[in-house]
A.B. asks: 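Right, I'll just put the structure down here and ask away after.
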Amino acid sequence: MMSAFHNTKIEDFHGVWVFCEQRDGQLMETDFELLSEGRKLAEDLGCELWGVLLGNQVGQLAGQLGGYGAHRVLVCQSPLLAEYTTDAYTKVICDLVTEYKPEIFLIGATNIGRDLGPRCAARLHTGLTADCTSLFVDTEKYLKFLAENSNVDVNPDKYDMEARNLKMTRPAFGGHLMATIVCPRFRPQMSTVRPGVMKKAEFSQELADRVHVEQVSVRLAEEDIRTRVLEVVKETKAMVDLTGAEVIVAVGHGISRDPERGVALAAELAEKLGGVVGASRAVVDAGWLGAGHQVGQTGKTVRPRIYVALGISGAIQHKAGMQDSQCIIAVNSTAEAPIFECADYGICGDLFEVLPLMIEAAGGRA
């Protein structure tokens, strides 16, 4: 079947697809984010958005996917798909792509997505842009994005305004640059997308009622799978939920004078405000906080109700991960710090002097 698949015949490919990951019968939040973004891309291209759902006894989840924008959901069910395995999921998805020929295929950059995406792209002989933070098809929207987020020349005369290529932007060189990648010669155009960076649309019951669900016959045998899942062991450990937090108190290199005390004060303020502690890359690289606390292009992208930036200079890599917060409060001893450019409220001062006052204002010392 793969021999009849010509991935360079661009005109044969239509539609936007999203791989909708589920675990233990529960859809991932990333699915809704990608469907919301995929719907915009589909509207720009004048095509439909399809969701692809794999598992066993998961058909009841399809309506939720429609509520976030999917026009159609392909449901592939088999006992061999109950647990994720690279071989099984790759075969089923590549069979679907070969038959239906989507123009764009989006996958969440989760642990599963980062395993599945490259394997599918290699088998389909197409490109994959990993860990994307923004996606555009419409060139005018892309140029507006460039104007607001870079110093690139955005002269429209330099761009093909009719191009349908997906512009996939991701951090490069350790997050110091943003690279936009296109795949003009092969289809589908594939991208894994970082969780939390795309804004989830509101659930629409009207769209959910209109979604077309198609049960797909799965061609899958045990001999197609070279590994077996013998046991799933779930480990419980403390996790920092940055993407779901309403309040984040983040610390930067400004705590270097006394890192332990700086982190402790930030944690105390976060507790008073009902939030969690975040960090810049400098703090994580120094080992003062774990990678799970990192905010920015190489960390988590967040949109909390309140974001408190303590001793964070505001490099573009960090601002890209938090600038959409509803209210940003910055404390920095340098008046010219870039963080003040995106802050709603700024305090120029020593954070070790300011923080105790903020804690007291938030309800006193613990």
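Reckoned from all heavy atoms, side chains included, excluding hydrogens, waters and symmetry mates.
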A.B. asks: Take Asp258 and Arg261 through the salt bridge (charged side-chain N to carboxylate O under 4.0 Å, His left out) test and state the conclusion after the steps.
C.D. replies: CA-CA 6 Å; Asp258 190 346; Arg261 180 166 178 254; 5.1 Å; no
A.B. asks: I'd like to check Pro102 versus Val97 (side-chain heavy atoms, cut-off strictly below 4.5 Å). Are they in contact?
C.D. replies: yes
A.B. asks: Looking at Glu33 and Lys199, is any side-chain nitrogen of the basic one under 4.0 Å from a carboxylate oxygen of the acidic one?
C.D. replies: no
A.B. asks: Between CE of Met190 and CG of Leu166, what distance do you get to the nearest 0.5 Å?
C.D. replies: 12.0 Å
A.B. asks: Which value, rounded to the nearest 0.5 Å, describes the distance between Leu269 atom CG and Leu310 atom CG?
C.D. replies: 7.0 Å
A.B. asks: In Å and rounded to the nearest 0.5 Å, what is the SG to CG distance from Cys20 to Leu54?
C.D. replies: 10.0 Å
A.B. asks: Less than 4.5 Å apart, any side-chain heavy atom of Val52 and any of Val75?
C.D. replies: no
A.B. asks: Is there a donor-acceptor pair closer than 3.5 Å between any side-chain N or O of Lys300 and the backbone N or O of Thr243?
C.D. replies: no
A.B. asks: Checking Phe105 against Gln189 for the side-chain contact (heavy atoms from CB on, under 4.5 Å) test, could you report, in this order, the C-alpha distance in whole Å, the side-chain angles of both residues, the deciding distance, and whether it holds?
C.D. replies: CA-CA 6 Å; Phe105 192 15; Gln189 302 165 97; over 6 Å; no
A.B. asks: Take a 6.0 Å sphere around CD of Gln60 and say whether it holds more than 12 heavy atoms from other residues, nucleotides or ligands.
C.D. replies: yes
A.B. asks: Hey, can you tell me if His318 and Tyr307 have their rings parallel, tilted or perpendicular (30° and 60° cut-offs)?
C.D. replies: tilted
A.B. asks: Which heavy atom of Pro118 sits nearest to which heavy atom of Leu128, and what is that distance?
C.D. replies: N-CD2, 3.5 Å
A.B. asks: Side chain of Thr301, backbone of Gly321: donor and acceptor closer than 3.5 Å?
C.D. replies: no
A.B. asks: Return yes when atom NE2 of His71 has more than 12 non-hydrogen atoms of other residues, nucleotides or ligands closer than 6.0 Å, and no otherwise.
C.D. replies: yes
A.B. asks: Let's go through Phe136 and Asp44 carefully: what are the C-alpha distance in whole Å and the side-chain angles of both, what is the deciding distance for side-chain contact (heavy atoms from CB on, under 4.5 Å) to 0.1 Å, and is it a yes or a no?
C.D. replies: CA-CA 9 Å; Phe136 294 94; Asp44 287 341; over 6 Å; no
A.B. asks: Salt bridge between Lys40 and Glu37, side-chain N to carboxylate O under 4.0 Å?
C.D. replies: yes
A.B. asks: Look at the side-chain heavy atoms of Ile, Leu, Val, Met, Phe, Trp and Tyr, link any pair under 4.5 Å apart, and say whether Leu34 and Leu96 land in one connected group.
C.D. replies: no
A.B. asks: Taking CD in Gln205 as the centre, count heavy atoms belonging to other residues, nucleotides or ligands within less than 6.0 Å. Is the count above 12?
C.D. replies: yes
A.B. asks: Measuring only between side-chain heavy atoms, which start at C-beta, is Tyr68 closer than 4.5 Å to Ser204?
C.D. replies: no
A.B. asks: Please identify which of these residues, Ile328, Ile248, Ile329, meets the side chain to side chain contact (heavy atoms under 4.5 Å, CB included) condition with Ile306.
C.D. replies: Ile329
A.B. asks: Evaluate the side-chain contact (heavy atoms from CB on, under 4.5 Å) criterion for residues Phe186 and Thr8: first the C-alpha distance (whole Å), next the side-chain angles of each, then the deciding distance (0.1 Å), finally the verdict.
C.D. replies: CA-CA 5 Å; Phe186 301 98; Thr8 57; 3.5 Å; yes
A.B. asks: Return the CZ to CD distance between Arg219 and Glu99, rounded to the nearest 0.5 Å.
C.D. replies: 6.0 Å
A.B. asks: Decide, yes or no, whether a salt bridge links Glu206 with Arg210 under the criterion of side-chain N to carboxylate O below 4.0 Å.
C.D. replies: yes
A.B. asks: State whether the side chain of Tyr89 and the backbone N or O of Leu81 hold a donor-acceptor pair below 3.5 Å, judged by distance alone.
C.D. replies: yes
A.B. asks: Salt bridge or not for Asp87 and Arg226, using N-O below 4.0 Å?
C.D. replies: yes
A.B. asks: Would you tell me whether Gln215 and Gln77 have side-chain atoms, one donor and one acceptor, within less than 3.5 Å of each other?
C.D. replies: yes
A.B. asks: Check each of Thr129, Thr180, Thr133 against Thr169 using the side-chain hydrogen bond (donor to acceptor under 3.5 Å, both in side chains) test, and report the only one that passes.
C.D. replies: Thr180
A.B. asks: Do Thr85 and Val229 have side chains that get closer than 4.5 Å, going by heavy atoms?
C.D. replies: yes
A.B. asks: In sequence, state the C-alpha distance, the side-chain angles, and the governing distance for Glu341 and Lys319, and then conclude on salt bridge (charged side-chain N to carboxylate O under 4.0 Å, His left out).
C.D. replies: CA-CA 10 Å; Glu341 296 173 3; Lys319 288 199 291 186; 3.3 Å; yes
A.B. asks: Where the side chain of Arg303 meets the backbone of Val197, is there a donor-acceptor pair that is under 3.5 Å apart?
C.D. replies: yes
A.B. asks: Short question: side chain of Thr110, backbone of Gly113 - any donor-acceptor pair under 3.5 Å?
C.D. replies: yes
A.B. asks: Are any side-chain N or O atoms of Asp224 and backbone N or O atoms of Ala221, one a donor and one an acceptor, separated by less than 3.5 Å?
C.D. replies: yes
A.B. asks: For Arg23, check salt bridge (Lys or Arg N to Asp or Glu O under 4.0 Å) against everything at least two apart and list the hits.
C.D. replies: Glu21
A.B. asks: Indicate if Val284 and Ile339 have the same hydrophobic cluster label, given that clusters are the connected sets of ILVMFWY residues with side-chain heavy-atom separations under 4.5 angstrom.
C.D. replies: no
A.B. asks: Please step through salt bridge (charged side-chain N to carboxylate O under 4.0 Å, His left out) for the pair Asp131 and Arg114, ending with a clear verdict.
C.D. replies: CA-CA 8 Å; Asp131 213 23; Arg114 287 175 172 170; 3.1 Å; yes
A.B. asks: Is it the case that atom CZ in Phe203 sees more than 12 heavy atoms from other parts of the structure closer than 6.0 Å?
C.D. replies: yes
A.B. asks: In the structure I gave you, are the side-chain heavy atoms of Leu45 and Ile104 within less than 4.5 Å of one another anywhere?
C.D. replies: yes
A.B. asks: Is Lys91 close to Ile225 at the side-chain level, that is, under 4.5 Å between some pair of heavy atoms?
C.D. replies: no
A.B. asks: One pair to check against side-chain contact (heavy atoms from CB on, under 4.5 Å): Arg257 and Asp350. What are the steps and the verdict?
C.D. replies: CA-CA 11 Å; Arg257 191 173 78 229; Asp350 186 337; 3.2 Å; yes
A.B. asks: If we only count heavy atoms from C-beta on, is the Thr126 to Pro188 side-chain gap below 4.5 Å?
C.D. replies: yes
A.B. asks: Within the distance-only criterion (no hydrogens, no angle test), does the side chain of Thr334 pair as donor or acceptor with the backbone N or O of Ala337 below 3.5 angstrom?
C.D. replies: no
A.B. asks: Quick check: does any side chain N or O of Arg39 sit under 3.5 Å from a backbone N or O of Gly69, one acting as donor and the other as acceptor?
C.D. replies: yes
A.B. asks: Answer with yes or no whether the hydrophobic clustering places Val73 together with Trp50; edges join I, L, V, M, F, W, Y residues whose side-chain heavy atoms lie under 4.5 Å apart.
C.D. replies: no
A.B. asks: Quick one: CE on Met168 to CG on Leu135, what's the gap to the nearest 0.5 Å?
C.D. replies: 8.0 Å
A.B. asks: Identify whether Tyr84 and Val92 are in the same connected component of the hydrophobic contact network (ILVMFWY, side-chain heavy atoms under 4.5 Å).
C.D. replies: yes
A.B. asks: Tell me, which pairs form a ring-ring contact (aromatic ring centres under 6.0 Å, His included) where one or both residues lie in residues 272-299, sequence neighbours left out?
C.D. replies: none
A.B. asks: Please examine the side chains of Leu265 and Phe352, heavy atoms only from C-beta on, and report whether any two atoms are closer than 4.5 Å.
C.D. replies: yes
A.B. asks: Just wondering, more than 12 heavy atoms not from Asp24 lying within 6.0 Å of its CG?
C.D. replies: no
A.B. asks: Going by atom types alone, do Thr86 and Asp115 pair a side-chain donor with an acceptor below 3.5 Å?
C.D. replies: yes
A.B. asks: Run the salt bridge (charged side-chain N to carboxylate O under 4.0 Å, His left out) test on Arg305 and Glu246 for me, step by step, so that the C-alpha distance in whole Å, both residues' side-chain angles and the decisive distance to 0.1 Å come before the verdict.
C.D. replies: CA-CA 5 Å; Arg305 181 170 53 86; Glu246 285 283 301; 3.3 Å; yes
A.B. asks: Hey, does the side chain of Asn56 reach the backbone of Leu80 with a donor-acceptor pair shorter than 3.5 angstrom?
C.D. replies: no
A.B. asks: Following the transitive rule for hydrophobic clusters with a side-chain heavy-atom cut-off under 4.5 Å over Ile, Leu, Val, Met, Phe, Trp and Tyr, establish whether Leu220 and Leu124 coincide in one cluster.
C.D. replies: yes
A.B. asks: Nearest 0.5 Å, please: how far is CG in Asn165 from CZ in Arg187?
C.D. replies: 5.0 Å
